[in-house]
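Each chain gets a letter, A, B and so on, in the order the sequences are listed, and its residues count up from 1.
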Amino acid sequence: MISSELLIASGGFFVAIFMYIIADSYSNFSNYNPSFWPKLILIGMIFCFFLIAKKEIKQRTNPEANPEPISEKESGNSWKAFIVTIGILLAYISSINFLGFFFPTTIFTWLILRILGEKKGFRAAVFSIVFSFTCTIFFTKILLVPLPGGIGIFERLNFLFL
Amino acid sequence: MVLFIGSIAGVILGALPGIGSTLAVSLLIPFTFNLTSAQSLLLLTSIYSATVYGGSISAILLRIPGSYESVATTFDGYPLARQGKAAKALGVALISSFIGGTFSVIVMVIMAPQLAKVALVFGPSEYFALGVLGLSVITSFQTKSVPKSLACAFLGMFLGTVGIDSITGVSRFDFGSLFLKNGISFVPAIIGLFAVGEVLVRVQISRKTELLIHNQSIKSELPSRSELKGLFRVIFQSSVIGTIIGILPGVGGTVASLLGYSAAVRTSKHPEKFGTGILEGVAAPEAANNAACGGAMIPLLSLGIPGSAVTAVLIGAFMIHGLRPGPLLFLNNLDLIYVIFIGMFLTNFLILGFGHFGIKPIVRMLDVPYAFMAPIILVLCVVGSYAINNNIADIFTMLVFGVLGYGLSKHDYPLAPLILGLVLGPIIEISFRRSIIMSQGDLSYIFCRPITSILLIISLISLTYPIIKKIIKQKERM
């Protein structure tokens, strides 16, 4: 199985080659061509990712230098929490343009609290509402920072808080 | 008022484990839009100074450095706390931070204007060399792999090329997107890399992390006159080391505190006691890391070259207000420079007051579970990214950089070279191409100018020295 380390290095290597081909197309624009600098950087990137990948392959083929992988339980890592957090964050960002700031922030805060182990649902709900309300007032009234207002009925609902 | 808020917020954010000075400053940049440039720079520089001190609180009480700069404080701070001397350790950390910070601000006030005068005669080729010098330190960062540091710096420089080329007007790597034509938004990128990336890393391990507060003494006890007399030599020595290390690009407060600590061990009459819980072991790193703050501001203000991740982030704050740090700032905005000088000076006094009288609520805050911290940080990141242009696309930029920051951090790719590359890459490119245009393609124009050639030689030494040192060490082991 390909290790994540090798995946990143080889991914970086191939992306840099792809970008180099794109950069090459800028050469015809002028004498002081805009492709020189990106091409120079991309050569450096290709070289570095090649070295990282080479080292990783060497380590994997040498069993002495290749330690036993640590299980998720031992390392304390929780991929589930991570992936769910990313998913919720993505949904939150996508929704605030339509639903406005207050409602998605309340739901987002509550969900993150629950995922990260807050067992008391009521405490999480109260915290989420108070936090979202404080944020809305603090940013819009004190710092005068505009927040997404939402559209349609949500715009009118958010207006109640502003 | 701004200084007061900045100092308090800085001490609190610095004390909270996982929120270092870079994260704190990058998180708060967008909230300075509606402040004047003087107010916002005062707020951010005071937060920068205060977070470095704040890190010592959790380093002493929890053995978890609140900011990276306080890692050496754990060596003697935590053993002192276990001996029931937490109050004394906190007091020594506070007074050492105050002396170190004040010393470096005085050096900054004297040195920065002189350096700016010299920099006024700089042309594009000198700026090209200065940019290269700023980047050359990437091999010095505390990293397990030099290729990874270099790859991150190249990645940052590459991202800096996205958008319309200012010399020819050609749009590069935009893939037909109007959003990318304007280039990568700097502030959402740094918020994503440092704040979102850090939260994602901690979310994955958060349930296993429990804070063990040492509750025996929630107060700060300043050292007596005789204790202070005994510590004076160590504090002064570390202040000098910290200021010099701060000026050197790329080295930063963490190395300053470690060097301050090791110098204190070497010059001590009782080196064997270090690590067991002695006051010198707290005073040395704390004076050094706070002195590095003022030192790091010298090249930023006078040359416009950031030497560390925090100062690179501070450039973003200058840019938001239409300012460019460097010698011209001394000509056109001298009042602003003096506001920063006075502000950083006063911040040290505010930290002294707040660190002494406000320690109780800070320590209580250390008990807040990360489950509550994570959504607060993430929502602040979202609002901060959105507030720049009122554009949802900036929030997506933040998320993309957050995932990138997470992936890189998890695989030991350092983030500081990426940010330095993003900031310095465009400066190097534009200066280099301007020099070429001025000399009509003659490369000797760049490399034969005295200041440029000296700076480039220093850059070469700075870039290759850590690599050569590593190779020699490896050969010695074989």
Checklist entry - Just wondering, are more than 12 heavy atoms of other shown residues or ligands nearer than 6.0 Å to CZ in B/Arg434? => result no
Checklist entry - So with a 6.0 Å cut-off around CZ of A/Phe122, is the heavy-atom count from everything else above 12? => result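 No, the 6.0 Å shell around CZ holds no more than 12 heavy atoms from other groups.
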Item to check | Residue, of B/Val196, B/Val383, B/Val382, B/Leu380, that accumulates the most heavy atom pairs under 4.5 Å with chain A | outcome: B/Val383
Quick one: pull up [atom1] in [X] and [atom2] in [Y] and give me the separation to the nearest 0.5 Å.
X        : Y        : atom1 : atom2 : answer
B/Asp174 : A/Ile22  : CG    : CD1   : 10.0 Å
A/Ile8   : B/His411 : CD1   : NE2   : 4.0 Å
A/Tyr26  : B/Thr161 : OH    : OG1   : 8.0 Å
B/Met373 : A/Leu116 : CE    : CG    : 12.0 Å
B/Ile376 : A/Cys135 : CD1   : SG    : 8.0 Å
A/Leu89  : B/Leu200 : CG    : CG    : 7.0 Å

Which atom names give the shortest non-hydrogen contact between [X] and [Y], and what distance separates them?
X        : Y        : answer
A/Met19  : B/Phe173 : O-CE2, 3.5 Å
A/Ile93  : B/Ile392 : O-CG2, 4.2 Å
B/Ala151 : A/Met45  : O-CG, 4.3 Å

If you count heavy-atom pairs within less than 4.5 Å of chain B, which of [options] leads?
options                              : result
A/Thr85, A/Ile46, A/Ile41            : A/Ile41
A/Asn97, A/Ile112, A/Ile52, A/Thr105 : A/Ile52
A/Leu51, A/Leu113, A/Thr109          : A/Leu113
A/Ala23, A/Ala124, A/Gly12, A/Ser128 : A/Ala23

Checklist entry - Does any non-hydrogen side-chain atom of A/Leu90 lie less than 4.5 Å from one of B/Phe396? => result yes
By a 4.5 Å heavy-atom criterion (distance strictly below it), what part of [X] contacts chain A: side chain, backbone, both, or neither?
X        : answer
B/Val403 : side chain
B/Ser166 : neither
B/Leu155 : both

Checklist entry - Under 6.0 Å between the ring centres of B/Phe372 and A/Phe131? => result no
Checklist entry - Looking at B/Lys410 and A/Glu5, does any basic side-chain N land under 4.0 Å from a carboxylate oxygen? => result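 A salt bridge is absent here (no side-chain N lies under 4.0 Å from a carboxylate O).
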Checklist entry - Any sub-3.5 Å donor-acceptor pair from B/Arg172's side-chain atoms to A/Pro34's backbone N or O? => result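 Yes; at least one donor-acceptor contact below 3.5 Å.
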Next on the checklist: Quick one, A/Phe101 with B/Tyr386, criterion side chain to side chain contact (heavy atoms under 4.5 Å, CB included). Give me CA distance, side-chain angles, the key distance, then yes/no.
Outcome noted: CA-CA 11 Å; A/Phe101 179 77; B/Tyr386 177 80; over 6 Å; no
For [X], which atoms come within 4.5 Å of any heavy atom of chain B: side chain, backbone, both, or neither?
X        : value
A/Ser132 : neither
A/Phe50  : neither
A/Leu111 : neither
A/Phe18  : side chain
A/Ala16  : neither
A/Phe36  : side chain

Checklist entry - Is there a ring pair (Phe, Tyr, Trp, His ring centres under 6.0 Å) between A/Phe47 and B/Phe154 once you walk through the steps? => result CA-CA 10 Å; A/Phe47 181 67; B/Phe154 283 126; 9.1 Å; no
Item to check | side chain to side chain contact (heavy atoms under 4.5 Å, CB included) between B/Ile428 and A/Trp37, worked out | outcome: CA-CA 9 Å; B/Ile428 297 172; A/Trp37 180 247; 3.6 Å; yes
Checklist entry - Between A/Tyr92 and B/Leu378, is a side chain to side chain contact (heavy atoms under 4.5 Å, CB included) present by the stated rule, with each step listed? => result CA-CA 11 Å; A/Tyr92 170 54; B/Leu378 288 173; over 6 Å; no
